[in-house]
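Structure first, commentary second.
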Amino acid sequence: MTTTGEVHRDAAGGPWWWERRRSVLLDAGLAVASAAECAVEGVPFAHKAGLPASVGIVFGVLTGSTLLLRRRWPIAVVLVSVAVTPAQMGVMMTVVGLYSLAASEMPRRIIAALAGMSFAGTLIVSVVRAQQDMVHSEKLLEVGGWFVPFVAITTSLGVTAPPLLLGMYVGARRRLMESLTERNDSLERELLLLAERAEERAEWARGEERTRIAREMHDVVAHRVSLMVVHAAALQAVARKDPEKAVRNAALVGDMGRQALTELREMLGVLRAGDPVPERSAVPLQAVGAAAAAAASRAEAEDPEGGPCLAEVEELVGQSRAAGMVVEMTVEGEVRAYAAVVEQTAFRVVQEALTNVHKHAAGAKAYVRLAHRGGEVAMQVENEPPPVPAAASSADLPSGGNGLVGMKERVAGLGGVFVSGPTDAGGFRVSAVLPVG
């Protein structure tokens with residue numbers, strides 16, 4: 001930073017301390033004009049001092065050329081102008097030097113001290129010159145004694161006050177512009193940071209939405225299709241031996257297929273929920289993704305008919321019984337309605353647990369327990385060891401390994417507790433507790 005307060009150097013900067021080439025030209029022009037003025041004023045000064053005129057000219061040129069340093073060392077320029085004031089030269093250097101000093105970043109006390117010295121020097125010279133003019137003019141003698149102080153004070157103020165005030169104004173304006181520029185840069189950085197955070201939040205929302213959709217698809221497809229495969233295997237086994245049972249199994253497969261299609265349609269309807277984005281819309285993709293996620297969450301939470309509920313658990317158990325599983329169901333406490341998202345989560349936990357029994361413990365007996373308590377609802381699905389150890393379903397059902405993870409995410413999302421693991425008897429137990437507040 002220079003002493004004039006300019007902090008930013010242009011790409012095409014000037015030499016040395018100049019920040020622009022046009023500043024070099026301006027200062028060089030001012031220095032030439034000041035040197036010419038001081039050279040002219042140095043001739044009478046040399047005559048009065050008894051020196052050759054060439055000495056006064058050289059002295060004036062050197063003195064006036066110091067104006068070339070006004071941006072780098074404004075204090076030196078002002079001190080030189082004060083020093084040559086008794087020689088009655090350097091008026092232009094005084095004016096420009098005071099302006100440069102006042103516009104700089106110098107402390108105000110230094111500016112005031114140098115301005116006072118310049119004013120005092122100009123005042124003394126003005127008093128001496130006014131007295132000399134009165135001595136050589138009879139008309140000025142008739143004016144009176146007030147002429148000398150009036151002329152001296154007016155001249156001193158005219159030389160020092162305007163450049164000083166103008167320099168202070170320019171310096172304050174420059175500092176204000178620098179402050180506004182810094183504030184603008186800071187706001188741009190904050191906006192960029194906010195945009196990056198918004199993009200991160202949108203990406204997180206998209207990830208959460210993808211996880212939720214995958215969990216829903218897993219619950220719908222895994223359970224319904226698993227039961228359909230089990231019934232299809234049973235249908236294949238009894239088709240020739242017991243045609244009536246084969247017909248019943250075929251009807252069950254059809255009902256489960258229709259239920260799976262219905263749930264898939266409901267899920268697709270949730271995904272399509274929300275206002276359509278118009279063509280050529282200027283809405284950012286991040287906002288669209290966040291809006292879609294919010295719309296899907298609202299639809300799932302607010303639409304009690306858009307998903308399963310606890311009242312359908314008994315039907316779910318009946319479907320497993322129809323597939324050949326022995327299931328005992330017990331309900332404790334007073335049955336009552338809960339928020340849609342709580343009932344959907346409880347249903348999905350029981351559904352996924354029964355699906356895992358079909359997949360990994362075919363032929364094992366299962367127990368389903370529901371407990372309605374004051375501020376929570378609890379569910380537990382436990383199965384005995386399968387008749388054949390490590391036996392899977394006869395239909396060879398595949399497993400993606402995400403069922404337990406999905407259940408845990410659902411329960412944790414509502415602030416509940418989820419526990420799963422093998423039992424001492426060799427079976428498997430899934431337990432969950434959901435707050436209903």
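Because only heavy atoms are used, hydrogens play no part in the values below, and waters and symmetry mates are left out as well, while side chains stay in.
Within a 6.0 Å sphere centred on CE of Met329, heavy atoms belonging to other residues, nucleotides or ligands number more than 12. Annotation for Arg321: atom CZ counts as buried by contact number, over 12 foreign heavy atoms lying within 6.0 Å. Summarising the local packing, CD of Glu314 is surrounded by 12 or fewer heavy atoms from other residues, nucleotides or ligands at distances under 6.0 Å. For CZ of Arg336, the number of neighbouring non-hydrogen atoms (other residues, nucleotides, ligands) closer than 6.0 Å is greater than 12. Taking a 6.0 Å sphere around CD of Glu334, one finds it holds 12 or fewer heavy atoms contributed by other residues, nucleotides or ligands.
Of all heavy-atom pairs between Gly97 and Val77, the closest is CA-CG1, 4.0 Å. Closest approach of Ala364 and Pro386 over heavy atoms only: CB-CA, 3.8 Å. Between Glu343 and Cys309 the shortest heavy-atom distance is OE1-CB, 2.9 Å. Nearest heavy atoms, Gly60 versus Cys38: O-CB, 3.0 Å. Here the closest heavy-atom approach between residue Leu310 and residue Phe347 is recorded as CD2-N, 4.5 Å.
Between Met93 atom CE and Leu98 atom CG the span is 10.5 Å, to the nearest 0.5 Å. The structure places CD of Gln351 at 9.0 Å from OG of Ser320, a figure rounded to the nearest 0.5 Å. To the nearest 0.5 Å, the span separating CD on Gln319 from CG on Leu354 amounts to 10.0 Å. If you take CZ on Arg183 and CD on Glu178, they are separated by 13.5 Å, rounding to the nearest 0.5 Å. Rounding to the nearest 0.5 Å places CZ of Arg174 at 14.5 Å from OG of Ser179. Between the CZ atom of Arg348 and the OG1 atom of Thr355 there is a distance of 10.0 Å, given to the nearest 0.5 Å.
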Test log, rule ring pair (Phe, Tyr, Trp, His ring centres under 6.0 Å), inputs His372 and Tyr338 | CA-CA 10 Å; His372 301 271; Tyr338 303 106; 5.7 Å; yes
Give the C-alpha distance, both sets of side-chain angles, the deciding distance and a yes or no for side-chain contact (heavy atoms from CB on, under 4.5 Å) between Leu101 and Arg70.
CA-CA 8 Å; Leu101 180 67; Arg70 71 181 189 92; over 6 Å; no
_Go through it in stages, so that I can follow the logic: the residues are Glu409 and Val405, the test is side-chain contact (heavy atoms from CB on, under 4.5 Å), and I'd like the CA-CA distance, side-chain angles, deciding distance and then a yes or no._
CA-CA 6 Å; Glu409 290 176 351; Val405 176; 3.7 Å; yes
*So Glu332 and Arg369, salt bridge (charged side-chain N to carboxylate O under 4.0 Å, His left out) or not? Walk me through it.*
CA-CA 8 Å; Glu332 301 176 2; Arg369 301 181 180 89; over 6 Å; no
Residue pair Arg206, Glu203: steps toward the salt bridge (charged side-chain N to carboxylate O under 4.0 Å, His left out) verdict: CA-CA 5 Å; Arg206 286 194 294 269; Glu203 183 64 27; 2.4 Å; yes
| said: With side-chain contact (heavy atoms from CB on, under 4.5 Å) as the criterion, how do Leu26 and Arg71 come out once you've worked through the C-alpha distance, each side chain's angles and the decisive distance to 0.1 Å? | reply: CA-CA 11 Å; Leu26 175 62; Arg71 296 177 187 268; 3.8 Å; yes
**Q.** Pair Leu434-Met379, side-chain contact (heavy atoms from CB on, under 4.5 Å): steps then yes or no
**A.** CA-CA 9 Å; Leu434 297 175; Met379 63 231 63; 4.0 Å; yes
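Remark: side-chain polar atoms of Ser65 are paired, donor with acceptor, to backbone N or O of Val61 under 3.5 angstrom. Judged by distance alone, with hydrogens and angles left aside, the side-chain atoms of Glu41 form a donor-acceptor pair with the main-chain N or O of Gly90 at under 3.5 Å. Remark: side-chain polar atoms of Thr63 are paired, donor with acceptor, to backbone N or O of Phe59 under 3.5 angstrom. Of the possible polar contacts, one joining the Glu37 side chain to the Met92 backbone as a donor-acceptor pair under 3.5 Å is found. Side-chain atoms of Ser118 never come within 3.5 Å of backbone atoms of Leu114 as a donor-acceptor pair (strictly under, hydrogens ignored). A donor-acceptor pair under 3.5 Å is absent between the side-chain atoms of Thr66 and the main chain of Leu62, judged by distance alone. In terms of modelled atom types and a separation under 3.5 Å, the side chain of Ser34 and the main chain of Leu30 share no donor-acceptor contact. A donor-acceptor pair under 3.5 Å is absent between the side-chain atoms of Ser420 and the main chain of Val430, judged by distance alone. When atom types are taken as modelled, the side chain of Glu352 and the backbone of Met407 share no donor-acceptor pair closer than 3.5 angstrom.
Side-chain atoms of Gln380 and Tyr367 include no donor-acceptor pair closer than 3.5 Å.
Taking the side chain as every heavy atom from C-beta outward, Val159 and Val95 approach each other to under 4.5 Å. Using a 4.5 Å cut-off on side-chain heavy atoms (C-beta onward), Val381 and Phe428 make no contact. Looking at Thr423 and Asn383, their side chains never come closer than 4.5 Å, going by heavy atoms from C-beta outward. The shortest side-chain heavy-atom distance between Arg410 and Leu414 does not fall under the 4.5 Å cut-off. Asp185 is listed as a side-chain neighbour of Arg189, based on a closest heavy-atom distance under 4.5 Å. Residues Val377 and Val342 are in side-chain contact: their nearest non-hydrogen atoms beyond the backbone lie under 4.5 Å apart. Residues Leu316 and Glu312 fail the side-chain proximity criterion, which asks for heavy atoms closer than 4.5 Å. Side-chain contact between Leu67 and Val32 is absent, with no heavy-atom pair separated by less than 4.5 Å.
A salt bridge links Glu376 and Arg373; the closest N-O separation between the charged side-chain nitrogens and carboxylate oxygens is under 4.0 Å.
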